[in-house]
Participant: 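Below is the structure I would like to discuss, written out as structure tokens.
In what follows, chains are A, B, ... by sequence order, proteins preceding strands, each numbered from 1. As the structure is a computational prediction, the values presented were derived from the model and not from experiment.
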Amino acid sequence: MKLDAFHKMMCYNYGKIKKLILKLTVKTSKQDKGYIQGGNNLLKVSHLKKQYGKVEAVKGIDFEVKPGEILGFLGPNGAGKTTTIKICSGLLLPTEGQVNLCGYDIVTNPTEAKKHLGYVPDDPFLYDKLTGRQFLNFVGEMYGVDPKLRIERIDYLLDRLDLQEKSNELIGGYSRGMKRKIALMAGIIHQPKILLLDEPTLGLDAVSAKNAKDIVKEMAYKENTAVLLTTHVMEIAEQICDRIAVIAGGRLVAVGTLEELQKKAQKGTTLEEVFVNITSESDPVQG
Amino acid sequence: MNTLKLLYKNQWSMFINRYFRTRNKGIVNILIACGILGLLSLGVYFLNTKVVGRFGDFPSEQGYAVATVMYSVVFLLIFAFQFFASLLGLINNFYQSPDMGFLVSKPLNSGIILIYKLLNHTCNTIIKEAIFFVPVVIALSISVQANAVFYILMPLIYFMIATTAASIGVSLGILFLTKFSIKSYRYFVNTGNFLLTALVWVFIFFGVKAPSFIPLEDIFKWLFNTAYLYLIFPFISGGELLGKIALGASPKELVMPTLFLVGVTALIVIATYCIAKKYFYKGWMNSTPVEKVKTTNKKVTNKKTPERNLTPILCMVKYEWIRACKNFDIMVGSLVFYALYSLLVYFTIKIGSRNPLLFSALAMAGGIFLVTTGTSVPFESSEITKNPLTAKYQHSLIKFMPVSSQEVILSRIIMIFIPSIVILTIGLTISSIFLQLTLIEWIVIILIQIFITTGYFYMSQSVEMIYFQKYFESNKFIGGLISFLIIPAYLLLTIGLYVIYSIELRFLSNLQRFLNLPLIIVIAVSTVIVQITYISNIGKRAWDKMEF
């Protein structure tokens, strides 16, 4: 029994230590390469509002994501998560407020802003008459990824997500999970500085979901990418997010690390309990 | 039965929610329905006065006999259309219908689900085709001055004939899909449909007769000389039944066609149900994509590494072309438009020698519409047949990429423009050769065609972007009307004025007085320039404002 407990403790700490080492490495390299542009935040959302007719889906939210940080966006259904992420990606226009990607405003300078962005929607549109490999080449070429690097990166990602064998088949014949994998690969093929993920593990099997999570962590800690992800799976938020933003009724009700949220909620130890407490209170706090 | 009732109650709720959710929506939809009914009534009036009204001139019995034949011919057309519509819609209405998975996962009797889907499929195809055929059938009925019984039985007979055709289509489709994949089915049905349509056109316009080894005449003689055998075809028994009712025949005379119509319909529906019950789920299971377990570690790599990247515009054009070339599912749509363009060129050659330039202009106007529409079809996702919203949604992928609105619109223009202009140039060159135009005339009309087509593309792509704006999502009718009217308006201003000016028609003489060649050229050139400058700028802004 004691040995088992010791083993569990070691595994838990190993994960934390690995994360810390990765972060430290990144911090050093980040300073060396001068990654940061326009201040400390790659993604900055200010006073964001979105109205659909009379319905206000997002009611003025502020948050930012730093390089190498993974911000989890949690909230009940219809809270405004997807609307926010769609505005950040340029798929929706804000009614009020600003979204800055690497210092570029997504509304006034969309082309420059999008150069630094990778986006994986929850319901991605893929060209069903292209093969997986052709599609990834297309996306890579659109972002101007060097041909040699592109091929290497495609092979690497196809291997990581177990899709090498099917890569020369038409996407139209893929299962839902395979389509999700292709969408994820398309979102990160160009190694963006900012990565927006809407339910990234939805429809993936356990192994692929783990690989996807690992890839996201690598993107953040090795490549210094600022990651914003929405999820309904609390374990994912607990495992990979550095900070968590809770949105309810279009308002940001809490932002912070898991420990900070635990303190705010006063009761509850797991993220699930904290989330339920916070969203039921719905006390708007701007982060 | 209760399950079926519940399913239809659910469908009724969906119908109400879709069209009458709010008062305003309800009023708009009722007005649209009234508009459609008005158009149908106009259609009936036109057919009745201009086409079928002449039956009244015949002595009564002869008129009714002609009407019976007409009914049979119309029902034959309905039967054929219904049959193909059934085959074409089978995959979307049955195998890949969005609610199929949901229904199968519920504790419902599989037979009930099948009846529900069969009825839905039949009704869907009947409604789609009815808009074309109902005015014809009603116009015919008015022309024979039929009594009340006739009008009560007519929809019933119509429904029975349509159901029979749809059921045969379903049975054949289901049987095909037990052996072949959905992909093969689509190729087979689309190609078959296209070839048959082309064959009908060839028969009608070129007067081609059936090859001598097909003894068509003997088959017809045998059918009609063997007692009641011809009644085995529902469209003939239905036509005869209606003709006899209109004639006021005695009930005794109605027995045989009624027996055959009801009997054959019942037999076919029961057979379809049995076939569907036995084979449908097998085909459905086979058609559901399943992620295969990895068996080998075979590594698939690119054959060659390109040296450098293309520009975003060329990159989009390249991959859109690859995509379009593989889009066999809806390629048949293109072929239909190309076939129509071939016919247009053929008629231009045949009757255009009197005024070659005028007919070349007409071919140009028709050709620009037909060829560009045909070429743009494969660039649409095949998903569009299942979900019309895909037309807009497919742009969402490009929307979050780092490309400007200018690049998006230009790439869309180039990808359709190049193949279109090649086909249009071939068509116009062929007609020019046969119409014996001089080299200078040929060069001029080719250049004019390129110029006008360029403006057309700027306009159509920009209008498409504008159509995808939020406003038109809730005002589809207005959007559709604008998109529908803007094409003839453009063609009228660029080519139509020249046609009006050159054509020798008395009723146009008043209009012709206001026209002269310099004015026509100025209007045409200005129209094209307005599209390239002003309208395309609106299109670019529309892309920037487009939301998903």
Participant: To the closest 0.5 Å, what do you measure between CZ (B/Arg323) and CD1 (A/Ile171)?
Facilitator: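 If we round to the nearest 0.5 Å, B/Arg323:CZ and A/Ile171:CD1 are 10.0 Å apart.
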Participant: Does any heavy atom of chain A fall under 4.5 Å from the side chain of B/Thr390, the backbone, both, or neither of them?
Facilitator: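 Just the side chain, heavy atoms under 4.5 Å.
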Participant: Flag the pair B/Glu320 / A/Tyr127 as yes when at least one side-chain heavy-atom distance between them is below 4.5 Å, and no otherwise.
Facilitator: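 B/Glu320 reaches A/Tyr127 side chain to side chain.
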Participant: Return the minimal non-hydrogen interatomic distance between B/Lys399 and A/Lys114, and the atom names on each side.
Facilitator: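 Where B/Lys399 meets A/Lys114 most closely, the heavy atoms are O-NZ, 2.5 Å.
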Participant: Tell me every residue that passes side chain to side chain donor-acceptor pair (under 3.5 Å) with B/Tyr467, counting only those two or more places apart in sequence or in another chain.
Facilitator: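 B/Tyr467 satisfies side chain to side chain donor-acceptor pair (under 3.5 Å) with no other residue.
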Participant: If I compare all heavy atoms of A/Leu170 with all of B/Lys326, which pair ends up nearest, and what's the gap?
Facilitator: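 Closest heavy-atom pair between A/Leu170 and B/Lys326: CD2-CD, 3.7 Å.
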Participant: So for A/Lys86, is it side chain, backbone, both, or neither that comes closer than 4.5 Å to the heavy atoms of chain B?
Facilitator: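 For A/Lys86, the side chain is the part near chain B, not the backbone.
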Participant: Enumerate the ring-ring contact (aromatic ring centres under 6.0 Å, His included) contacts for residues 192-211 of chain A, please, sequence neighbours excluded, ordered by first and then second residue.
Facilitator: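 For residues 192-211 of chain A, and leaving out neighbouring residues, there are no ring-ring contact (aromatic ring centres under 6.0 Å, His included) pairs at all.
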Participant: Any idea which heavy atoms bring A/Met142 and B/Pro402 closest together, and the distance?
Facilitator: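 Minimum heavy-atom contact is O-CG, 4.3 Å.
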Participant: Where on A/Pro124 is there a heavy atom nearer than 4.5 Å to chain B: the side chain, the backbone, both, or neither?
Facilitator: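 It is the backbone, since no side chain atom gets that close.
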Participant: Would one find more than 12 heavy atoms of other residues, nucleotides or ligands at under 6.0 Å from atom NE2 of A/His232?
Facilitator: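 Above 12, so yes.
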Participant: For the NZ atom on B/Lys179, are there more than 12 heavy atoms of other groups (residues, nucleotides or ligands in this structure) within a distance under 6.0 Å?
Facilitator: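 Open: at most 12 neighbouring heavy atoms sit under 6.0 Å from NZ of B/Lys179.
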Participant: Under a 4.5 Å heavy-atom cutoff, which of B/Ile398, B/Thr311, B/Asn327 has the most pairs with chain A?
Facilitator: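 Result: the option with the highest number of such pairs is B/Asn327.
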Participant: Does A/Tyr52 have more than 12 heavy atoms from other residues, nucleotides or ligands lying within 6.0 Å of its OH?
Facilitator: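 More than 12 within 6.0 Å, yes.
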Participant: Select one option (side chain, backbone, both, neither) describing which atoms of A/Val145 are under 4.5 Å from chain B's heavy atoms.
Facilitator: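 Backbone of A/Val145 only, per the 4.5 Å heavy-atom cut-off to chain B.
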Participant: Below 30° counts as parallel, above 60° as perpendicular, anything between as tilted: where do the rings of A/Phe138 and B/Tyr319 land?
Facilitator: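 The arrangement is tilted - the two ring planes meet at 30° to 60°.
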Participant: Mind checking what makes side chain to side chain contact (heavy atoms under 4.5 Å, CB included) contact with A/Thr231, not counting sequence neighbours?
Facilitator: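 In terms of side chain to side chain contact (heavy atoms under 4.5 Å, CB included), with neighbours along the sequence ignored, A/Thr231 is linked to A/Leu74, A/Glu199, A/Leu229, A/Val233, A/Ile236, A/Ala237.
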Participant: What's the separation between atom OG1 in A/Thr111 and atom CD in B/Gln406, rounded to the nearest 0.5 Å?
Facilitator: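 These two atoms lie 10.5 Å from each other.
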Participant: Can you see which heavy atom on A/Phe125 is nearest to which on B/Ser381, and at what distance?
Facilitator: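 Of all heavy-atom pairs spanning A/Phe125 and B/Ser381, the closest is CZ-CB, 4.0 Å.
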Participant: Report the distance from atom CZ of B/Phe400 to atom CG of A/Leu196, rounding to the nearest 0.5 Å.
Facilitator: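 Output value for this atom pair is 10.0 Å.
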Participant: Going by residue number, which parts of residues 539-548 of chain B are within reach of chain A, meaning a heavy-atom gap below 4.5 Å?
Facilitator: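 From residues 539-548 of chain B, the residues near chain A are B/Asp544, B/Lys545, B/Met546, B/Glu547, B/Phe548.
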